[in-house]
Amino acid sequence: MIALEILFGALAGLALVPVCVLLLQVTLALPAARRQAPPDGPRPRVAVLIPAHNEADAIAFTLQGIRAQLIAGDRMLVVADNCSDDTARIAAEAGAETIERSDPALRGKGYALEFGLRHLRQAPPEVLLIIDADCRLYPGGIEQLAQRAGNSGCPVQALDLMQAPPGAGIKTRIAEFAWLVKNWARPLGSQRLGLPCQLMGTGMAFPWALIGNANLANAELAEDMKLGIDLALAGHPPQFCLDALVTSRFPETARATATQRTRWEHGHLGMIAQEAPRLLGQALARRDLRLLGLALDLAVPPLALLATLIALVFAASAAAAAAGLSALPFRLAATALGLLTLTILLAWLGWGRRVLSLGALLSIPFYVMSKAPIYLKFWTQRQKEWVRTGRD
């Protein structure tokens with residue numbers, strides 16, 4: 001009986017940690033942020049690297065937005081990676097320097113990025129930007145990212161948002177809300193504490209001295225998070241730049257959506273298991289608050305999974321208390337559940353009202369339950385290889 005009380009108490013106490021981190025980030029991010037002017041000084045020469053796999057339908061629009069922001073001395077490089085469509089031709093016609101890679105045995109964004117890096121080493125830029133081929137980089141983004149990366153000597157991450165397509169169902173709109181919390185509220189809250197953020201895969205800028213000799217040739221599902229952690233451990237933690245915006249859209253089909261979410265969720269969970277203990281250990285050994293903040297941020301699981309775990313702990317501890325065991329685990333679990341509910345409401349007030357009605361917010365429990373198979377597959381049929389998301 002005592003062992004059960006200790007177990008439930010430990011689980012409920014652990015559940016409070018990510019909830020408190022999440023609540024602190026959202027609360028600190030709530031005050032409105034004013035757009036900042038880019039730092040003074042000449043803008044560094046940039047190379048924009050765009051990895052692309054069968055992106056013939058989207059890449060021309062992406063390149064048009066990037067090209068409008070380039071100045072003399074900049075480069076725009078597309079890596080057409082294992083493409084079976086007209087990506088390379090369209091990219092070249094849009095004015096991009098285009099190289100093709102063909103290696104079906106080694107597939108994944110990391111291999112495409114490494115191929116592009118090797119090409120750029122012949123005439124390296126001062127700052128490297130990475131933009132996915134299906135994204136829109138808003139005006140002013142290159143200037144903001146390049147100046148901040150050049151001045152700080154650290155990686156810089158733009159605000160990266162996913163948007164629901166017109167007429168999207170409730171599940172996709174809830175996913176857009178969750179994305180706003182993850183990629184806007186949380187990194188902004190960390191920034192206001194003077195802490196770093198995670199890298200998000202697109203809208204990233206790196207001083208060439210940091211990235212030029214990096215080995216990116218891997219098939220990690222969350223290669224962006226891994227790179228950000230490695231750079232933070234090397235003394236160059238990523239910084240968040242709210243004033244640079246890059247957006248893309250969720251897929252329109254259920255199958256493509258499932259593929260995309262499985263890759264994201266399994267990649268994130270894999271990073272928590274592999275990197276959070278190492279990052280936390282280094283933070284404590286070095287007494288480094290920036291690494292500690294990054295470790296705590298990384299340890300916050302996806303919102304749907306966090307809600308599921310807290311609900312399970314709450315139900316189990318309630319049953320234990322009803323059976324005569326200590327009520328302390330139940331009180332801790334109830335506190336965690338209450339704080340998570342408060343966090344979601346605050347996030348909805350700050351960011352979610354434009355994508356979700358208050359009534360739609362009540363559908364979140366059903367959205368959480370719909371993602372249970374993804375989390376179960378992490379233990380039984382974990383996705384370990386990169387799979388491109390179809391767009392239609």
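What you see is a predicted model; the values in this text were computed from it and never measured.
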Less than 4.0 Å between a side-chain N and a carboxylate O, is that true for [Y] and [X]?
X      : Y      : value
Asp134 : Arg249 : no
Glu55  : Arg89  : no
Lys182 : Asp160 : no
Arg173 : Glu176 : no

Which atoms form the tightest heavy-atom contact between [X] and [Y], and what is the distance?
X      : Y      : answer
Pro51  : Ala112 : CB-CB, 4.0 Å
Gln198 : Met225 : OE1-CE, 4.2 Å
Ile272 : Pro277 : O-CD, 3.5 Å
Leu14  : Pro18  : O-CD, 3.0 Å
Ile99  : Gly116 : CD1-CA, 4.3 Å
Leu30  : Gly350 : CD2-CA, 3.8 Å

Is a side-chain donor or acceptor of [X] paired with a backbone partner of [Y] at a separation under 3.5 angstrom?
X      : Y      : answer
Arg192 : Leu28  : yes
Thr98  : Ala96  : yes
Thr62  : Cys135 : yes
Gln157 : Thr202 : yes
Thr343 : Leu339 : yes
Gln239 : Pro196 : no
Thr247 : Leu161 : no
Arg148 : Val156 : no
Glu97  : Arg75  : no
Lys109 : Gly201 : yes

What's the separation between atom [atom1] in [X] and atom [atom2] in [Y], rounded to the nearest 0.5 Å?
X      : Y      : atom1 : atom2 : result
Leu294 : Leu280 : CG    : CG    : 11.0 Å
Leu332 : Phe314 : CG    : CZ    : 12.0 Å
Gln274 : Ile229 : CD    : CD1   : 9.0 Å
Tyr138 : Gln144 : OH    : CD    : 15.5 Å
Leu279 : Leu292 : CG    : CG    : 8.5 Å
Phe206 : Leu117 : CZ    : CG    : 9.5 Å

Can you find a pair of side-chain heavy atoms, one from [X] and one from [Y], that are under 4.5 Å apart?
X      : Y      : answer
Glu100 : Val79  : no
Cys197 : Ser190 : no
Ile50  : Ile66  : yes
Val46  : Leu145 : no
Cys154 : Pro238 : no
Asp74  : Val48  : no
Glu223 : Leu216 : no
Leu23  : Val26  : no

Walk me through whether Leu340 and Leu22 qualify under side-chain contact (heavy atoms from CB on, under 4.5 Å). CA-CA 8 Å; Leu340 180 62; Leu22 188 59; 4.1 Å; yes

Within one Ile-Leu-Val-Met-Phe-Trp-Tyr cluster: [X] and [Y], side-chain cutoff 4.5 Å:
X      : Y      : answer
Ile211 : Leu129 : no
Leu245 : Phe240 : yes
Ile130 : Phe115 : yes
Met162 : Val246 : no
Phe177 : Leu342 : yes

Qualifying residues under side chain to side chain contact (heavy atoms under 4.5 Å, CB included), relative to Asn82, sequence neighbours excluded: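 If we apply the side chain to side chain contact (heavy atoms under 4.5 Å, CB included) test to Asn82, skipping adjacent residues, the hits are His53, Arg101, Ser102, Pro104, Arg107.
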
Under 3.5 Å, is there a donor-acceptor pair between the [X] and [Y] side chains?
X      : Y      : answer
Ser84  : Asn54  : yes
Asp288 : Gln282 : no
Asp297 : Gln25  : yes

Does the salt bridge (charged side-chain N to carboxylate O under 4.0 Å, His left out) test come out yes or no for Arg278 and Glu275, once each step is laid out? CA-CA 5 Å; Arg278 177 170 74 112; Glu275 299 295 335; 2.6 Å; yes

Would you check, one step at a time, whether the test side-chain contact (heavy atoms from CB on, under 4.5 Å) holds for Glu126 with Trp208? CA-CA 5 Å; Glu126 295 175 283; Trp208 182 258; 5.8 Å; no

Is the number of heavy atoms from other residues, nucleotides or ligands under 6.0 Å of Arg331 CZ greater than 12?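 No, the 6.0 Å shell around CZ holds no more than 12 heavy atoms from other groups.
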
Under the criterion side-chain contact (heavy atoms from CB on, under 4.5 Å), I'd like the reasoning laid out for Met204 against Leu49: C-alpha separation, chi angles, the key distance, then a yes or no. CA-CA 10 Å; Met204 306 181 294; Leu49 177 57; over 6 Å; no

Audit row: Arg67, Met76, side-chain contact (heavy atoms from CB on, under 4.5 Å) steps and yes/no: CA-CA 7 Å; Arg67 187 178 58 194; Met76 181 169 65; 4.1 Å; yes

